[in-house]
Amino acid sequence: MADRITVVGWDGTPLTEAAAAALAAATLVAGAPYQLKALPVPPGAERLALGSIQLAARRIAEHRGAAVVIAEGDPGFFGVVRTLRRPEYGLELEVLPAVSSVAAAFARAGMPWEDAQVVSAHGGRLRRAANVCRAHPKVAVLSAPGAGPSELALMLRGVHRTFVVCEALGTPDEDVTVLTSDRVADRIWRDPSVVLVIGGSSAGGPGGGPQSGAAGEAAGWIAGRPVGYPGPDRGWALPTDTYTGTGRTPGATDTLPAHVRALVLARLGARPGDLVWSVGAGSGALAVEAARFGAAVVAVEADAAACARLAVNARRYGVEVETVHGHGPDVLGELPEPDAAVVETGGPQAVRAVLSRRPERIVAVARTLAEAEEVRRTIAEAGYRADGALLQSAPLLAPSGTPGTAGDGGHGLRLGVGDPGTFLLWGEQKA
């Protein structure tokens, strides 16, 4: 192993005294070609152009002498330190960071970023990065060849956002471009870049993030946007009356009971980077709760009034829910690929349409035992592991009189009238 290994972060500014000293003493220097050309690499040092970090790590492990690895910005933030620290290489590192490319990008944009999500599109994660951009109003995306601003904008087609594309940060060729997402795909961009994706209903004010109310409480004391936050209420599977205006018609309810929503959310397993479809979403209680777990959510609903109520509920909890007005099977073909889906209304026909897009997980609500059997069979025939349950509950009521009197038969709590039950079916793709 090299006698000494120093990882130097470089943001285009003059090297610190410690970084310059490490570079001057190096017998092996690894970095991008432009870095090896721009920095004062000792004439006798071996130069190693960084392509595969794994191959570079093996070469450094074999080297005898002082090695320096040049990285962009902060090498411990989505950088080379993670790979170099793998136990199979046995390397001990001294890290001298500079300003990260993400921090530099937000600085160029003049925006705070403690409330931003930061994701990498490297390693085939472009779709998951795009889903985070759907779900959050302020996201920094570290691009990669084939997963740059144009590809990201195409993934977000139909979702209005503002892109701040930062190319070649810290170099003489640095360029910062601000465009609406519909214009980004028309340009050719350099790799790599940092892309700030800003916008959405919960992005307020010039800072590009939540500014006031429950959705703004996170700003100023905690970084990022924690799962299940923001919102005026903790937890999930909240009482039905927590949500605005349930019912497609006066007196009717379109919100699943809280105990049913709890199991649906458990079976969906929604997480950041996922895209969840909610088909027949009603007023959106389930869609909003899935979004509060950090997933991107597309809610499909045929009733225009319910779509409006859904938008109100999403704003109340400070989450992004894309609402599509229409009947499930008619509009699903135009939607991006789902990771998980719930069919709240629509029966076997809607379930078949969803399964044709092959989500990893599906949950469906059935109204009768016969419909439940058809849905279960449909899920199983599509090659999924199928299961289900009839969920029933009865409320515990406060005593009707003073405890110990004839008014309540000598008992405290009473058992109320139970609901008729909800048939819930679910399926997961087989490994």
Return the [atom1] to [atom2] distance between [X] and [Y], rounded to the nearest 0.5 Å.
| X | Y | atom1 | atom2 | result |
| --- | --- | --- | --- | --- |
| Phe293 | Asp274 | CZ | CG | 12.0 Å |
| Glu289 | Leu238 | CD | CG | 5.0 Å |
| Arg125 | Ser120 | CZ | OG | 6.5 Å |
| Glu381 | Glu374 | CD | CD | 9.5 Å |
| Leu84 | Gln54 | CG | CD | 9.5 Å |
| Ile362 | Arg357 | CD1 | CZ | 12.5 Å |

- Task: Please determine if Arg161 and Glu320 form a salt bridge, counting it only when a charged side-chain N lies under 4.0 Å from a carboxylate O.
- Result: yes
Heavy-atom pair of closest approach, residues [X] and [Y]:
| X | Y | value |
| --- | --- | --- |
| Ala295 | Ala135 | O-CB, 3.5 Å |
| Leu36 | Gly31 | CD1-O, 3.7 Å |
| Val375 | Ala364 | CG1-CB, 3.8 Å |
| Ala262 | Ala237 | CB-CB, 3.8 Å |
| Cys133 | Val141 | SG-CG2, 3.7 Å |
| Ala394 | Leu415 | CB-CD1, 3.7 Å |

- Sequence neighbours excluded, the answer for ring-ring contact (aromatic ring centres under 6.0 Å, His included) partners of Phe106 is Trp113
Atom [atom1] of residue position [X] - does it have more than 12 heavy atoms of other residues, nucleotides or ligands inside 6.0 Å?
| X | atom1 | result |
| --- | --- | --- |
| Arg190 | CZ | yes |
| His327 | NE2 | no |
| Arg82 | CZ | no |
| Glu174 | CD | yes |
| Arg85 | CZ | no |

Are any side-chain N or O atoms of [X] and backbone N or O atoms of [Y], one a donor and one an acceptor, separated by less than 3.5 Å?
| X | Y | value |
| --- | --- | --- |
| Trp277 | Pro336 | yes |
| Trp189 | Val184 | yes |
| Ser181 | Arg157 | no |
| Gln35 | Ala32 | yes |
| Glu301 | Thr323 | no |
| Glu334 | Val331 | no |

Non-hydrogen side-chain atoms of [X] and [Y] separated by less than 4.5 Å:
| X | Y | result |
| --- | --- | --- |
| Ser193 | Pro149 | yes |
| Val324 | Val298 | yes |
| Glu360 | Tyr384 | no |
| Arg86 | Ile53 | no |
| Lys138 | Asp115 | yes |

- Message: For the residue pair Arg309 / Ser283, report whether a side-chain donor-acceptor contact shorter than 3.5 Å exists.
- Response: yes
- Item | Thr171 versus Asp173, side-chain donor and acceptor atoms under 3.5 Å | no
- Query: With Asp339, which of Arg361, Arg127, Arg271 fulfils side-chain hydrogen bond (donor to acceptor under 3.5 Å, both in side chains)?
  - Reply: Arg127
